[in-house]
Novice: 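Below is one structure. I have some questions about it.
Each chain gets a letter, A, B and so on, in the order its sequence line appears, and its residues count up from 1. Here the structure is a predicted model, which means the values were calculated and not measured.
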Amino acid sequence: MTNIQMSSHEKHQRIWQTVVAIPPGKVASYGQVADLAGLPGRARLVGKCMAYASDEIQVPWYRVLKSNGQLAFAPDSNAAKKQTALLIKEGVTVNNNRVKLHEFGWQPSLDEILFKLQF
DNA sequence: CGACTGACGCCGA
DNA sequence: CTCGGCGCCAGTC
């Protein structure tokens, strides 16, 4: 089958574009972002990018969680508190370092995927 | 060049 | 719910 090579720059580009598409008040998992970005199984890569993004105010990195709804940071850690504060500010409820995905998980419609993810 | 290391995920016990 | 194990891959050492 045809194997399309993607430059690390493009992967980077797709991941951020996907994260930016997450609506305020909603959250998505690393794996979900990877899938939507066309990088199935590359959840760790998404985490890598979020680490870079922590400096950039542009990317809503805090809307990205683990697949079970837990924050990626250790409870009580500085980063976890910071992320929790940002989420609560958007109306997302955080309990014990975790968010209920059935309540706040982002489930993009086909429409959103086609219009927001330009790749 | 091999080993180790992550803002991860899934499955089975 | 916890633990172990394996998959994944770009950096670091």
Novice: Taking all non-hydrogen atoms of both residues into account, name the closest pair between A:Met50 and A:Val64 and its distance.
Specialist: SD-CG2, 4.2 Å
Novice: If I take atom CD1 from residue A:Ile88 and atom CD from residue A:Gln83, how far apart are they, to the nearest 0.5 angstrom?
Specialist: 11.0 Å
Novice: Flag yes if A:Phe115 and A:Leu36 sit in one hydrophobic cluster, no otherwise; membership is Ile, Leu, Val, Met, Phe, Trp, Tyr, and two members link when side-chain heavy atoms are under 4.5 Å apart.
Specialist: no
Novice: Evaluate salt bridge (charged side-chain N to carboxylate O under 4.0 Å, His left out) for A:Glu90 paired with A:Lys26, printing each intermediate quantity in order.
Specialist: CA-CA 8 Å; A:Glu90 292 192 340; A:Lys26 290 291 178 183; over 6 Å; no
Novice: Walking along DNA chain C from 5' to 3', note the first and the last nucleotide with an atom under 4.0 Å from a heavy atom of chain A, and give both.
Specialist: C:dC1 to C:dA10
Novice: Indicate if A:Leu114 and A:Val33 have the same hydrophobic cluster label, given that clusters are the connected sets of ILVMFWY residues with side-chain heavy-atom separations under 4.5 angstrom.
Specialist: no
Novice: Give a yes or no on whether the backbone of A:Gln70 and the side-chain of A:Asn68 come within a donor-acceptor separation of less than 3.5 Å.
Specialist: yes
Novice: Under 4.0 Å, counting only non-hydrogen atoms across every strand here, what does A:Arg63 touch: a base, just sugar-phosphate, or nothing?
Specialist: nothing
Novice: Would a hydrophobic clustering, with Ile, Leu, Val, Met, Phe, Trp and Tyr connected at side-chain separations under 4.5 Å, put A:Leu110 with A:Ile22?
Specialist: no
Novice: On the 0 to 90° scale, with breaks at 30° and 60°, tag the A:His12-A:Trp16 ring pair as parallel, tilted or perpendicular.
Specialist: perpendicular
Novice: Is any side-chain heavy atom of A:Leu65 closer than 4.5 Å to one of A:Phe73?
Specialist: no
Novice: Tell me whether A:Tyr30 shares a hydrophobic cluster with A:Val20, the cluster being built from Ile, Leu, Val, Met, Phe, Trp, Tyr side chains joined at under 4.5 Å.
Specialist: no
Novice: Mind listing the residues from residues 99-106 of chain A sitting with a heavy atom below 4.0 Å of DNA chain B? Number order is fine.
Specialist: none
Novice: Set out, line by line, the N/O atom pairs under 3.5 Å between protein and nucleotides 4-7 of chain B.
Specialist:
| residue | atom | partner | partner atom | Å |
| --- | --- | --- | --- | --- |
| B:dG6 | N9 | A:Arg44 | NH2 | 3.0 |
| B:dG6 | N7 | A:Arg44 | NH2 | 3.0 |
| B:dA7 | N7 | A:Ala51 | N | 3.3 |
| B:dA7 | N6 | A:Met50 | O | 2.8 |
| B:dA7 | N3 | A:Tyr30 | OH | 2.8 |

